[in-house]
2 protein chains.
Amino acid sequence: MLDAIARLRRFNRAVTRETGALDHSYLGRGRPLGAARVLQLVTPQGTDIAEIRVKLALDSGLLSRLLRSLQAEHLISLATDPTDRRRRTAHLTPQGQTEMAAYDTIGHARAADTLARAGKNQQALIDAMDLIATTLLQDQLSLRDADPNAPEALACLQSYYDVLAQKIDGITPDMLTLPLSDPQNYVAPRGAFVIAYSDDLPVGCVSVRPHAPTTAEVKRLWVDSSARGHGLARRLMHTIETRAKALGYTSLILDTNQALPEAIALYHTTGWTPIPPYTDFPATHWFGKAL
Amino acid sequence: MLDAIARLRRFNRAVTRETGALDHSYLGRGRPLGAARVLQLVTPQGTDIAEIRVKLALDSGLLSRLLRSLQAEHLISLATDPTDRRRRTAHLTPQGQTEMAAYDTIGHARAADTLARAGKNQQALIDAMDLIATTLLQDQLSLRDADPNAPEALACLQSYYDVLAQKIDGITPDMLTLPLSDPQNYVAPRGAFVIAYSDDLPVGCVSVRPHAPTTAEVKRLWVDSSARGHGLARRLMHTIETRAKALGYTSLILDTNQALPEAIALYHTTGWTPIPPYTDFPATHWFGKAL
DNA sequence: AATAATAGCTGATCTAAGTCAGGTATCTGC
DNA sequence: GCAGATACCTGACTTAGATCAGCTATTATT
């Protein structure tokens, strides 16, 4: 192997060139990068400007000026928050939405262009980018509740089903259908659906639904391959257990399959104990835990 | 699979943050990024400032000022090129070398830190970075002659040997030793050693050495796994054949092993024809080509 | 030898970005 | 009800980076 440091530096130069071309006068729409970055965070529904300031780590004076310049372009409108009149909210105007769509088109085209350069290695390139992004962003994983019918949730479930279909003999894709048949079981006060995001890309999920008056069942623990090895599954399980307790459940159960040894090992080391079977195929192992 | 474009954007944000932090470490030594980038290109042996200007795409006025500020810090010295007294050359002073060593330490530490974050996936992270860097830089591959005893050449040979030891049954690492026993056979006027660089990182090599008065032997064709699929082997072979012809040879021979089917396929499609065996194990196939 | 081209420098000017010390309006806790 | 905290704004200032016109010295062309 050639020097790892030299490789990392070459990587840095390569992506600096790639994203640098992207940076300067952001995507060539005649707007400084700072203003463009702010614009990206403003939604038609309105974004609290304090949120923008925190996310971009901007000085309040600087942000104030950037917002004013965007307002002068009629891309955003500013309003006072009625609940706290010190705060202000930025809204994307119809003109602003048009402008954002233009950014989107360009960004899309650039991304497609980059992927095209990989030729037949496209999937390998995406996998490589995933691994790097997840590694670099591992300190920024955020776990948030989601609507089980939201597109991100369905994407997670689809990925989860793909894993099952690939790993467990006898499972075919048509045995697993979307969306869930009982979504209301996965929202408070009956249950929960938690997604782990790495910079807004879902990389893991877990859910809990009612099983008996004081017992809930944990379902659909999934961690994307690019995000493994950082204890995310453990974190997801800990979160869902806490959530179930808060919902008033006093015990949890779950089933799993022998083809998922990492999951089984995790349950064994986190206080779960084997219980009698309560489901059929594809389950081969059953666990319970008192909260 | 989740949306490829979203993944690519997440990747962009992740590495932007990462290389941004790297930029700040340059700033961390009390010098603006521009000056630091210039300093990186100045060698103790002297660098033509026109070369710096082209590489960094700097305005001559701006570069002039940056050089002056580095000179004021006693990190570089400027001299007039004796062969063309309009040109100037920048040399790294001993103080400058000390400063560069400091940058090197920082870069090394940061790189080690990034790699450490990958935990046990370190090798996977490096492979992923290689694939991305090579894909993004594929239009920037440069083929240059090298001294067969130079560190880059030895690194190539080591990688080549690793491939052989891994793919061919019966080869053990101790059968292949560095450096070459006959380096003088690989430099003009007897032979050549060509390395393919992707932004200064060797990703492939090939060589030719004398076999008979008008016949030379092609040896050690290697392409790094991250650089495959872009026709680099073909380009290396074309280059080495042209080089052999320029050295006065009228025919070429080579041997290879059945465990390297891509190489054999390449020879078949580029005018090489099977010839009688002229070597023993590990060779299993022999080819010749008239120039 | 006259002219044009080239390499580099200087001074003037501009923009983006960031920093900081106030200032105003509003809210919160006691 | 009031002190202090909070959210945001304003104006003044700084730095990095870039651009451009014009300058000198040198080399190449004819």
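Bear in mind that the values here come from a model prediction, so they are computed numbers and not experimental data. Residue numbers start from 1 in every chain, and the chains themselves are labelled A, B, ... in the order their sequence lines are given, proteins ahead of strands.
Atom-to-atom distance recorded for B:Asn149:CG and B:Asp147:CG is 5.0 Å, nearest 0.5 angstrom. The line from CZ of B:Phe11 to CG of A:Leu131 is 10.5 Å long, rounded to the nearest 0.5 Å.
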What side-chain donor-acceptor pairs closer than 3.5 Å can you find for residues 54-61 of chain A, not counting sequence neighbours?
unit_1  : atom_1 : unit_2  : atom_2 : d
A:Asp59 : OD2    : A:Gly61 : N      : 2.8
A:Asp59 : OD2    : A:Leu62 : N      : 3.2

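Ranked by how close their nearest DNA chain C nucleotide is to the 5' end, A:Arg85 and A:Ala57 are led by A:Ala57. Nearest-nucleotide assignment on DNA chain C puts the 5′-proximal partner with A:Leu66, out of A:Leu66 and A:Thr83.
Listed by first then second residue, pairs satisfying side-chain hydrogen bond (donor to acceptor under 3.5 Å, both in side chains) with a partner in residues 42-51 of chain A read A:Thr43-A:Thr47, A:Asp48-A:Arg87, not counting sequence neighbours.
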- Criterion side chain to side chain donor-acceptor pair (under 3.5 Å) on A:Tyr249 and A:Arg243, from CA distance to verdict: CA-CA 9 Å; A:Tyr249 295 107; A:Arg243 193 65 47 90; over 6 Å; no
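Among residues two or more places apart in sequence or in another chain, the side-chain hydrogen bond (donor to acceptor under 3.5 Å, both in side chains) test is passed with B:Arg65 by none. For A:Thr114, the side-chain hydrogen bond (donor to acceptor under 3.5 Å, both in side chains) partners are A:Glu18, not counting sequence neighbours.
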- For nucleotides 5-11 of chain D, just jot down a letter per nucleotide in 5' to 3' order: B, S or -, based on protein non-hydrogen atoms under 4.0 Å. -BSSBBB
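The nucleotide range of DNA chain C contacted by chain A, defined by atoms under 4.0 angstrom from heavy atoms of the protein and reported 5' to 3', is C:dA16 to C:dC27.
If you check the side chains of B:Ser226 and B:Thr134, you find a donor sitting under 3.5 Å from an acceptor.
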